[in-house]
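Input: a single structure, listed below in structure tokens.
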Amino acid sequence: MDRLEEFEQKLGYTFKDKDLLTEALTHSSYANESGRLHADCHHTRNSNERLEFLGDSVLSIVVSEYLFEECQDYPEGELSKTRATLVCEKSLAKFAKQIDLKEYIFLGKGELLNGGKNRPSIISDAFEAVIAAVYLDGGFEAAKKYVLRFIPENVEEVAAKEYDDYKTVLQEIIQKNPEESVEYELVSESGPAHRRTFTVDVMLNSNVIGTGTASSKKRAEQLAAKEALKLMGALPDEH
């Protein structure tokens with residue numbers, strides 16, 4: 001129980017039902033071993049698989065709501081891509097590292113020997129299971145508060161990474177013709193300080209070939225490059 005209390009301090013949440021937290025941290029390998037060892041009694045444990053299923057949905061709702069409110073210039077497609085970046089296995093494993101989650105997961109001996117403690121899929125699943133446990137124990141607001149602590153302060157930097165290839169691809173195309181050059185120009189900047197909007201043109205030999213508008217200059221440049229690639233036939237319109 002001491003280890004559970006230690007983990008609760010890292011979570012910043014104290015469970016009323018400690019069994020929920022225990023289940024969230026129990027990998028199927030441990031649950032299966034426990035079942036074999038205690039086949040004649042009632043000390044078996046449920047694995048965290050069902051909680052992981054629920055946690056995945058709670059996480060999606062919290063992140064979707066956050067992006068809907070914070071990224072008001074994003075069309076649906078970009079909201080979906082940004083959410084996917086935040087809830088992917090790699091991101092969840094990184095979030096889990098902030099609370100040393102891997103040190104508290106109950107793993108079977110075989111899984112431990114196979115390096116399960118460091119396996120991103122196991123860690124990310126447990127992270128989602130903990131979200132579900134918080135949700136079931138304290139309600140949606142408690143789960144929301146817990147999830148939001150992991151969302152990057154400048155979520156647009158995360159989004160921008162999704163579009164880094166647009167500028168790179170455009171530059172690679174232009175470099176095939178040494179006499180041509182591409183540059184980005186800030187056309188306008190508007191809105192209050194906490195919610196600025198930037199419009200950027202990308203120009204090929206002083207001719208505008210794409211325009212992008214977003215709430216950061218970096219992202220506006222990426223969207224301008226994306227439009228230019230569409231114009232050049234290097235990117236499908238639906239991309």
Side-chain angles (χ1 to χ4, degrees), residues 1-69 83-152 155:
M1 185 59 69
D2 288 342
R3 282 184 61 75
L4 288 183
E5 290 175 355
E6 179 181 281
F7 186 55
E8 283 180 321
Q9 289 182 355
K10 294 187 177 184
L11 292 181
Y13 181 82
T14 301
F15 281 82
K16 297 183 283 291
D17 183 354
K18 306 294 183 184
D19 288 342
L20 274 172
L21 178 58
T22 299
E23 184 175 328
L25 296 172
T26 301
H27 186 254
S28 57
S29 62
Y30 188 96
N32 292 336
E33 281 189 12
S34 176
R36 289 196 297 272
L37 289 172
H38 304 285
D40 298 325
C41 62
H42 299 290
H43 298 298
T44 57
R45 283 192 192 175
N46 293 322
S47 78
N48 60 11
E49 291 175 350
R50 282 173 54 82
L51 285 176
E52 182 266 327
F53 166 79
L54 177 60
D56 177 72
S57 295
V58 175
L59 174 66
S60 182
I61 292 172
V62 171
V63 173
S64 296
E65 181 183 74
Y66 176 80
L67 294 177
F68 183 80
E69 294 296 332
R83 180 181 61 193
T85 301
L86 291 171
V87 304
C88 70
E89 181 181 289
K90 182 179 179 181
S91 292
L92 297 187
K94 194 178 297 183
F95 298 158
K97 190 174 182 180
Q98 296 178 34
I99 52 175
D100 297 322
L101 176 58
K102 70 176 186 177
E103 301 300 331
Y104 299 92
I105 300 174
F106 297 103
L107 293 169
K109 292 179 181 178
E111 194 62 62
L112 271 173
L113 290 173
N114 288 326
K117 182 182 282 191
N118 295 305
R119 190 166 296 153
S121 59
I122 289 177
I123 297 170
S124 60
D125 285 351
F127 185 81
E128 290 182 323
V130 170
I131 292 172
V134 173
Y135 168 73
L136 291 173
D137 190 73
F140 180 74
E141 288 304 316
K144 178 179 177 179
K145 181 180 179 181
Y146 171 67
V147 170
L148 290 181
R149 63 181 279 198
F150 298 99
I151 303 300
V155 72

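Atoms considered below: every heavy atom in the structure, side chains included; atoms not considered: hydrogens, waters and symmetry mates.
Side chains of V130 and Y146 form a contact here, defined as non-hydrogen atoms less than 4.5 Å apart. Put simply, the side chain of E103 reaches to within 4.5 Å of the side chain of K117, judged on heavy atoms.
Of all heavy-atom pairs between L59 and L92, the closest is CD2-CD2, 3.7 Å. Of all heavy-atom pairs between S124 and E89, the closest is OG-CG, 3.4 Å. The shortest heavy-atom contact between L101 and I123 is CD2-O, 3.6 Å. Closest non-hydrogen pair, K102 versus N118, comes out as NZ-OD1, 2.7 Å. Minimum interatomic distance between F106 and T26 (heavy atoms only, all atoms of both residues): CD1-OG1, 3.8 Å. Closest approach of E111 to S29, counting heavy atoms only: CB-OG, 3.5 Å.
Within 6.0 Å of the NZ atom in K145, the count of heavy atoms belonging to other residues, nucleotides or ligands does not exceed 12. Atom CZ of F140 is surrounded by more than 12 heavy atoms from other residues, nucleotides or ligands within 6.0 Å. Within a 6.0 Å radius of NZ in K16, more than 12 heavy atoms belonging to other residues, nucleotides or ligands are found.
Distance alone, capped at 3.5 Å, is enough to place a donor-acceptor pair between the D137 side chain and the D17 backbone. With hydrogens and angles disregarded, no donor-acceptor distance shorter than 3.5 Å links the side chain of N114 to the backbone of G116. Not one N or O on the side chain of Y135 forms a donor-acceptor pair closer than 3.5 Å with the backbone of L54.
The CG atom of D56 lies 10.0 Å from the CD1 atom of I61; values are rounded to the nearest 0.5 Å. Atom CG in L21 sits 10.0 Å away from atom OH in Y13 (nearest 0.5 Å). In this structure, L107 CG and H27 NE2 are separated by 6.5 Å, a value rounded to the nearest 0.5 Å. Interatomic distance, CG of L51 versus CG of N46, reported as 8.5 Å (0.5 Å rounding). To the nearest 0.5 angstrom, E52 atom CD is 9.5 Å from S57 atom OG. Taking CG of N48 as the start and CG of D125 as the end, the distance is 7.0 Å to the nearest 0.5 Å.
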Go through it in stages, so that I can follow the logic: the residues are R149 and I99, the test is side-chain contact (heavy atoms from CB on, under 4.5 Å), and I'd like the CA-CA distance, side-chain angles, deciding distance and then a yes or no. CA-CA 11 Å; R149 63 181 279 198; I99 52 175; 3.7 Å; yes
Given side-chain contact (heavy atoms from CB on, under 4.5 Å), test L67 with L86 step by step and report yes or no. CA-CA 10 Å; L67 294 177; L86 291 171; 4.1 Å; yes
Decide side-chain contact (heavy atoms from CB on, under 4.5 Å) for E65 and K144; before the verdict, give the C-alpha distance in whole Å, the side-chain angles of both, and the deciding distance to 0.1 Å. CA-CA 10 Å; E65 181 183 74; K144 178 179 177 179; 2.8 Å; yes
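If you look at Y104 and F7, their ring centroids are closer than 6.0 Å.
Between F150 and F127, the ring planes lie perpendicular to each other; the angle is over 60°, past the 30° to 60° tilted range.
A salt bridge is defined here as a Lys NZ or Arg NE, NH1 or NH2 lying under 4.0 Å from an Asp or Glu carboxylate O, and K18 with E8 meets this definition.
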